[in-house]
**Q** 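Before anything else, here's the structure in question.
Naming: A, B, ... by sequence-line order, numbering from 1 per chain. Just so it is clear, the model here is predicted, and its values are computed rather than measured.
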Amino acid sequence: MLQLEQVSKNFGGLPALDEVSFGVPQGQIVALIGPNGAGKTTLINCITGVLPATSGRIHFRGQPIEARQPHQIARYGISRTFQNLKLFPRLSVLDNVLTGLTCEGGDSILMAMLRFPYLRHRERQLKLRALEALDRFRLADKAHWPAAVLAYGDRKRVELARATVGRPDLVLLDEPVAGLNTEETAEVAEQLKRLRSAGHTLLLVEHDMELVMTVADRVVVLDSGRCIAVGSPDEVRSNPLVLRAYLGQMEATT
Amino acid sequence: MTSKEKFGYFFTLHRSGLTVLALSLAVLLFPLFEDNPYTLGLTNLIAINTIVVLGLNLFIGYAGQISLGHAAFFGLGAYGSAIGSTTFGLPPWPTMLLVAVLVALVALLVGIPALRLSGHYLAMATLGLNFVLHTILLQWDEVTGGPSGFSGIPSLALGRFEFADEFRLHYLLWGVALLVLLLCLNLVRSGVGRGLAALAGDEVAAAALGVDTKTAKVKVFVLSAVLASLAGSLFAHCYAFVSPDSFNIFVSADLVIMVVIGGMGSVWGSLFGAALITVLPEWLDMFETYKDFVHGGILVLVLIFLPQGLVTGLIETVRIRLALRRSKDAAA
Amino acid sequence: MSSQDLLQFIFAGLTSGSIYALIAIGFCVVNNTMGIVNFVQVDFITLGGMLMFSALFTLGVPLAAGLLLAVSGVALVAMLVERCGLRPCRSENHLVLIFLTVGLSIILRGLIKMFWGKNRMALPPLTPDEPIRIFGASVLPQALWILLLTLCAIALLTWFFYRTPLGLAMRAVASNPTAAAVVGIPAGRVRLTSYAVAGALGGLAGVLVTPITTLNYDVGVLLGLKGFAAAILGGFGSFPGAVLGGVGLGLLESLSAGYLSSAYKDVVAFVVLLAVLFVRPKGLLGK
Ligand SMILES: Nc1ncnc2c1ncn2[C@@H]1O[C@H](COP(=O)(O)OP(=O)(O)OP(=O)(O)O)[C@@H](O)[C@H]1O
Ligand SMILES: [Mg+2]
């Protein structure tokens with residue numbers, strides 16, 4: 001579904017990504033792991049067009065997307081969450097989730113100003129879908145709160161709801177459980193599996209190895225911008241390169 | 001549901017519509033209680049300013065950009081209509097539309113290059129445009145009348161019904177202002193409006209959600225320029241006289257103050273800000289001397305203590321209090 | 001048109017260009033450290049002229065002392081503006097901060113109007129007004145002073161930014177604010193200093209230019225806007241760009257006033273600005 005070929009990104013000469021190539025097959029959860037500063041967030045930014053890749057090709061459903069604008073990529077059906085949450089604090093929780101349905105609007109300012117009946121009808125449907133999404137993430141009772149007053153865990157779930165409400169084909173999740181407790185983490189794991197069975201494809205950036213090992217179908221390991229291993233969780237777990245670069249660190253600390 | 005709950009639900013669901021309705025009623029009845037032409041003249045000015053401020057507020061509050069030259073579009077509308085309908089003798093209504101289209105083109109010309117960049121280049125570009133326009137209005141006196149202004153502009157009419165006195169103008173101007181208010185309310189409560197709110201909140205996040213940020217900024221800029229132009233045309237026909245000093249950069253600054261005081265991104269705030277800054281000089285006698293302190297002081301105090309503006313700031317404070325209390329209740 | 005006229009126009013352009021450059025650098029300094037357009041810069045210029053006027057005619061000090069007094073006075077006021085006007089605002093939102101400078105500018109202009117009145121005043125030039133002839137063009141001594149003092153100011157600034165720890169800190173903040181905060185550069189001091197520098201530059205520009213123009217409470221507005229245009233022309237944020245933009249703008253302006261029409265002289269700056277935004281939006285030396 002998503003295919004990366006030798007994607008590189010330099011920040012003023014310093015390589016943050018170095019010829020990264022891998023694929024994300026349809027309907028799977030692919031985990032992208034690597035130590036801090038490995039370039040995981042940078043990779044997501046390149047895929048979503050926030051940062052233009054210095055070189056390399058990115059194909060989504062066979063189409064090249066590396067030269068597209070972020071909003072065009074979003075409209076192809078790729079959504080994302082942000083590592084350091086980007087909710088709109090002044091909007092209500094419901095409106096925040098509704099912004100995840102922007103791609104389905106596509107109508108002009110003039111139409112919106114005149115508020116044609118068909119728009120009113122569609123607005124109601126969108127609202128229902130947003131409420132459903134909030135329900136899935138057990139946030140329905142807070143739908144009308146301003147996002148600014150939510151607790152951290154709730155904010156993360158609002159971001160997840162916003163990223164998935166539009167039924168995108170591919171969801172890029174940047175550390176969805178960082179900062180959550182074990183209970184909340186388990187809940188997010190359930191959600192991720194449910195998204196997979198609903199037909200979504202997920203690229204999951206995560207430091208939490210337990211989560212990665214339980215939900216991922218494939219694991220891609222990044223170290224200093226280089227892709228050092230790709231395989232099933234078990235393969236990766238026993239890969240000596242990975243152990244040295246990454247798991248070794250983890251074991252040392254746990 | 002008890003009938004009381006039902007009523008409350010109905011009220012929350014339709015609160016915007018009901019407020020517009022109440023306001024329309026108030027506008028309709030106002031001249032019956034207050035027929036002093038001076039007061040009506042003042043409220044008419046509020047209506048005109050409201051139209052400009054609504055557009056400018058969409059741009060500042062929803063596109064997250066700064067225009068410090070909206071008086072230029074206001075002035076272009078006013079002088080465009082004045083010259084078109086007086087010098088060339090064109091019919092006023094079509095002239096108004098034609099001028100609005102021309103102003104939209106000017107806005108495109110300024111907006112596309114300046115909004116391509118991130119950062120606040122548009123603030124400078126619009127300020128420059130405002131300055132250029134003001135200079136032209138002063139210097140090109142064979143066309144604009146120069147510093148002494150342009151007079152003899154015909155009043156607007158519908159058939160034989162001329163909008164010639166304050167009483168009739170009240171209904172015309174407030175009718176248009178309420179219409180624009182309604183259109184803006186529709187816009188901000190639509191999907192497009194949410195996209196724009198996202199844009200003002202965080203450009204990267206908005207783009208990731210599928211908002212075409214660059215185009216959206218230009219579109220809203222053009223829309224706000226068109227509204228300013230329409231208000232300018234109304235202004236010209238309403239006073240039958242225009243002079244360059246109604247459109248200098250200090251007027252632009254006042255428009256920004258109206259937006260900020262009401263609340264950036266608040267439709268109702270625009271109405272409040274326009275009303276407050278328009279009537280303020282009438283309330284304060286010694287105003288001429290201290291105008292700068294009052295205007296600047298209000299702006300600075302609001303920005304420091306309630307950066308969302310008086311209306312939005314207060315509403316938001318209440319909303320947050322309520323939500324926090326509810327969460328505490330839920331926890332207990 | 002003779003070559004003497006041309007030379008005359010070039011001298012006039014260089015003179016006003018130096019003033020624009022000083023103002024433009026003031027805009028850039030604040031932009032680089034805080035990321036905002038500082039509209040109070042406009043009033044620093046007026047204030048420079050006004051303080052010079054009071055120093056000369058109320059206190060009766062000699063010219064050189066008056067100049068120092070005026071420049072440091074404006075720097076002080078600028079620091080006050082930062083401390084009491086901008087610091088209390090906790091918002092990080094650039095829109096809020098920029099509008100705040102607009103509000104502060106309105107207040108400062110009101111204060112100036114209250115202290116010095118609305119009348120036009122005249123400030124004497126630094127040395128008596130006998131034109132000097134250079135290559136057949138007659139040049140006012142004040143113009144030479146302007147060129148000389150602008151060069152001095154630029155040299156002093158270069159020394160400050162490249163040879164002092166505080167200057168280094170300011171450059172660090174300009175190139176990467178987050179990283180600078182992480183390594184413990186005092187953000188408050190940097191902001192305060194940037195305002196002081198901007199104020200001093202604006203004040204100097206005001207002291208130097210008002211003997212040529214006139215002095216009244218809003219003389220700074222137009223000059224300030226042109227300085228801003230110069231900053232964007234050169235590439236907003238770049239110091240060499242600001243100098244180049246200022247001088248370029250000054251030359252364009254005086255040549256177009258000389259050869260085209262002087263009624264629209266003040267418009268040239270903004271027409272050029274719009275054209276630059278259209279053709280090369282990052283300015284001449286922008287990155
Ligand atoms: N905008 C930028 N400019 C310059 N360097 C950057 C930029 N963004 C990231 N980098 C650098 O690129 C490298 C990769 O960063 P990235 O944020 O992608 O790491 P990461 O794998 O997401 O780390 P973490 O696990 O901490 O989130 C880092 O060395 C970082 O300093
Ligand atoms: Mg990261």
**Q** Under 6.0 Å from the CZ atom of A/Arg194, do we count more than 12 heavy atoms belonging to anything else shown?
**A** yes
**Q** For B/Leu324, is it the side chain, the backbone, both, or neither that has a heavy atom closer than 4.5 Å to a heavy atom of chain A?
**A** side chain
**Q** Give, for atom CG of B/Leu322 and atom CH2 of A/Trp145, the distance between the pair rounded to the nearest 0.5 Å.
**A**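 That separation rounds to 10.5 Å.
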**Q** Mind checking the CG-CZ spacing from A/Leu126 to B/Arg194? Nearest 0.5 Å is all I need.
**A**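 Atom-to-atom, A/Leu126:CG and B/Arg194:CZ are 6.5 Å apart.
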**Q** Nearest heavy-atom pair of B/Gly201 and A/Phe88: which atoms, and what distance?
**A**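 Where B/Gly201 meets A/Phe88 most closely, the heavy atoms are CA-CD2, 4.1 Å.
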**Q** Please check if atom CZ in A/Arg196 has more than 12 non-hydrogen atoms from other residues, nucleotides or ligands closer than 6.0 Å.
**A** yes
**Q** Roughly how far, to the nearest 0.5 Å, is CZ of A/Phe82 from CG of B/Asp202?
**A** 6.5 Å
**Q** Measuring heavy-atom distances to chain B, does A/Thr48 have an atom under 4.5 Å in its side chain, in its backbone, in both, or in neither?
**A** neither
**Q** What's the shortest heavy-atom distance between B/Ala197 and A/Leu91, and which atoms?
**A**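 That would be CB-CD2, 4.0 Å.
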**Q** To check you understand the geometry: which heavy-atom pair defines the closest contact between A/Pro146 and B/Ile320, and what is its length?
**A** CG-CG1, 3.9 Å
**Q** Any idea which of B/Gly195, B/Ala208, B/Gly265 has the most non-hydrogen atom pairs under 4.5 angstrom with chain A?
**A**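 Of B/Gly195, B/Ala208, B/Gly265, B/Ala208 has the most heavy-atom pairs under 4.5 Å with chain A.
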**Q** How many angstroms lie between atom CD of B/Gln308 and atom CZ of A/Arg90, to the nearest 0.5 angstrom?
**A** 5.0 Å
**Q** Heavy-atom pairs under 4.5 Å with chain A are the metric here; pick the option from B/Asn186, B/Leu185, B/Thr213 that has the most.
**A** B/Asn186
**Q** Would you mind telling me which of B/Ala216, B/Ala198, B/Ser190, B/Gly193 has the largest number of heavy-atom pairs within less than 4.5 Å of chain A?
**A** B/Ala198
**Q** Give, as side chain, backbone, both or neither, the part of B/Leu223 having an atom under 4.5 angstrom from any heavy atom of chain A.
**A** side chain
**Q** Output the distance between atom CG (B/Leu209) and atom CZ (A/Arg75), rounded to the nearest 0.5 Å.
**A**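 Answer rounded to 0.5 Å: 10.5 Å.
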**Q** Contact part of A/Ile73 toward chain B, heavy-atom cut-off under 4.5 Å: side chain, backbone, both or neither?
**A**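 Contact with chain B: none, neither part.
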**Q** Which heavy atom of A/Met113 sits nearest to which heavy atom of B/Leu183, and what is that distance?
**A**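 Here A/Met113 and B/Leu183 meet closest at O-CD2, 3.2 Å.
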**Q** What's the separation between atom CG in B/Leu182 and atom CZ in A/Arg115, rounded to the nearest 0.5 Å?
**A** 9.0 Å
**Q** Shorter than 4.5 Å, heavy atoms on both sides: which option in A/His144, A/Arg162, A/Lys142 has the most such pairs with chain B?
**A**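 It is A/Arg162.
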**Q** Which of residues 61-72 of chain A get closer than 4.5 angstrom to chain B, counting heavy atoms alone?
**A**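 Against chain B, the residues of residues 61-72 of chain A that fall inside the cut-off (heavy atoms, under 4.5 Å) are A/Gln69, A/Pro70, A/His71.
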